[in-house]
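Every chain is numbered from 1, with letters handed out A, B, ... down the list of sequences.
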Protein chains: 2
Amino acid sequence: MTGSTSERLVEAAFALYEEQGYDRTTVDDIAARAGVGRATFFRIFGSKEDVIFPDHDVLLERIRTRLAHATVGTGPVAVVEAAAVVLDHYLAEGDLARARYRLTRTVPALRHRELAGMQRYRQVFGEFLRSWFAETGQVADGDVLGVQLRAELLADSIVTAHNHVLRGWLRGETADPRTQLRTALAAILDLHAPRPAEEPAAVVVLRADADLASVLPALRAAVHEPPPR
Amino acid sequence: MTGSTSERLVEAAFALYEEQGYDRTTVDDIAARAGVGRATFFRIFGSKEDVIFPDHDVLLERIRTRLAHATVGTGPVAVVEAAAVVLDHYLAEGDLARARYRLTRTVPALRHRELAGMQRYRQVFGEFLRSWFAETGQVADGDVLGVQLRAELLADSIVTAHNHVLRGWLRGETADPRTQLRTALAAILDLHAPRPAEEPAAVVVLRADADLASVLPALRAAVHEPPPR
DNA sequence: CGTGTCAACGGTACTCAGTCTCACACGGCC
DNA sequence: GGCCGTGTGAGACTGAGTACCGTTGACACG
């Protein structure tokens with residue numbers, strides 16, 4: 001037997017779901033194929049559906065920490081990179097992600113579970129954006145939509161854009177999903193940006209794989225420097 | 001016994017879910033309280049969760065017919081009224097909608113079912129918007145986001161705005177939810193409307209995988225140089 | 001070396017959602 | 001009367017998910 005118990009269960013589940021279909025596969029089948037007891041399956045994965053999904057808790061925590069490091073001026077950067085964290089995870093999964101895609105398209109129960117998972121990402125982004133809008137005054141006090149709704153709307157867009165790009169890659173239609181996501185998110189952030197725009201505005205999205213704090217001073221300096229004549 | 005079998009089952013289900021909790025209520029309990037057999041329950045409602053939700057199929061069909069009557073110029077009007085159809089349905093439910101709200105906030109299984117229901121509305125709006133965008137040329141051919149994604153984004157916003165207004169009313173915070181929905185949707189449609197004239201704005205997406213210094217020239221150029229007219 | 005502890009696992013019994021089948025009652029309809 | 005479609009109740013059955021118990025094995029500590 002290779003791999004941990006958890007890995008063997010995941011492999012067995014994916015294999016059986018694809019071979020004989022989700023409905024015709026029992027948890028007993030999966031456990032037997034992985035060489036463990038049925039109880040062990042339910043100890044590791046709470047349900048028959050959870051086996052095929054990534055560990056959302058881990059992913060959400062990574063997003064939260066990335067967003068928590070955002071300062072007043074770097075909200076958009078943090079959002080883009082947080083979304084990129086999730087995308088990168090799926091890209092790294094490769095065939096596993098593709099197999100999951102085939103299943104979620106076919107089995108309603110799995111599609112619903114995926115929806116429930118996505119909602120948690122919306123909430124995390126939404127909560128961040130709500131406080132960010134409030135702190136930075138991005139949304140005026142007398143705004144028609146209000147801070148709460150504007151945060152929800154943008155959070156929806158972020159998640160939807162991510163899923164759109166991801167699906168494109170899963171279908172093999174996208175060569176460079178990472179830049180596609182960044183481009184899309186830049187356009188979306190521009191769409192949601194405050195619109196007293198008579199001034200020429202610039203939305204700059206950077207990828208700071210290294211320490212963000214170390215980049216910020218240089219970035220500020222670069223922006224505030226007089227242009228070379 | 002008053003009302004049809006279906007109505008009695010709904011009443012019994014709501015009552016028992018609130019009295020003793022969703023998990024501690026069995027379908028047998030509901031059927032017994034309504035004075036019918038267990039099989040009858042599953043004939044009318046497919047599952048234990050479906051009892052408390054409105055008939056989405058009917059509602060979706062109403063939306064589809066309303067959207068189908070839209071001409072090239074009346075897209076936004078159709079969208080607003082289609083959303084209003086749904087809102088009006090919930091408003092007419094009154095206390096029933098409020099009871100459902102209490103349950104969906106509390107019980108995860110019901111929250112997930114609600115999410116699955118909402119997705120269908122997103123799809124209906126999304127499909128309409130996609131063809132409407134394509135037919136009217138609302139979205140340019142060389143658009144960064146593309147017709148498909150733009151339709152998804154706007155569909156998300158419509159559903160989210162609806163839910164936002166509805167929740168506000170369910171919590172007793174809103175006096176006039178109908179006009180509030182129309183106001184919000186107007187603002188959202190404006191947000192997603194094609195930008196009239198190309199204002200001097202620069203969206204710059206950079207990858208700073210390497211040294212920041214190597215990127216700075218491009219950054220300065222983007223920030224300070226006037227955009228090509 | 002013996003012994004306590006703790007975590008992971010297997011096994012089993014139980015509840016209950018959901019499906020299916022069969023039998024029965026009721027109402028038209030010829 | 002006989003016939004048929006429909007709605008219903010009853011009961012059997014599968015399988016997910018939970019709870020509990022006993023076992024094993026690793027790892028200390030004496």
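- Counting non-hydrogen atoms under 4.0 angstrom, Ser6(A) reaches nothing in the nucleic acid.
- One atom, CZ of Phe45(B), and another, P of dG7(D), lie 15 Å apart when rounded to the nearest Å.
- Put simply, CZ on Phe41(A) is 20 Å from P on dT12(C), counting in whole angstrom units.
- The nearest heavy atom of DNA chain D to Asp23(A) and to Thr40(B) marks one nucleotide each, and the one closer to the 5' end goes with Thr40(B).
- Note on Thr26(A): every side-chain N or O is 4.0 Å or more away from OP1 and OP2 of dG15(D).
- For Tyr121(A) and His56(A), the gap between ring centers is short of 6.0 Å.
- A cation-pi arrangement is absent between Arg38(A) and Phe42(A) under the rule of less than 6.0 angstrom and at most 45 degrees off the ring axis.
- Side-chain contact of Tyr90(A) with Arg100(A): a donor-acceptor pair under 3.5 Å is absent, judged by distance alone.
- Note: CZ (Arg43(B)) to C1' (dG9(D)) measures 8 Å, nearest angstrom.
- No hydrogens or angles were tested; on distance alone, nothing pairs the side chain of Arg38(A) with the base of dG15(D) as donor and acceptor under 3.5 Å.
- Distance OH (Tyr22(A)) to C1' (dG15(D)): 11 Å, rounded to an integer number of Å.
- As a whole-Å value, the separation of Glu49(A) CD from dA17(C) P is 16 Å.
- Put simply, Thr5(A) has a side-chain N or O that comes within less than 4.0 Å of OP1 or OP2 on dC9(C).
- Salt-bridge formation is detected for the pair Arg64(B)/Glu61(B): a Lys NZ or Arg NE/NH1/NH2 atom is positioned less than 4.0 Å from an Asp or Glu carboxylate oxygen.
- When rounded to the nearest whole Å, the span between CZ of Phe42(B) and P of dT21(C) equals 17 Å.
- We find that NZ of Lys48(A) is positioned 21 Å from P of dC16(C), with the value rounded to whole Å.
- The CD-C1' distance, from Gln20(A) to dG15(D), rounds to 14 Å in whole Å.
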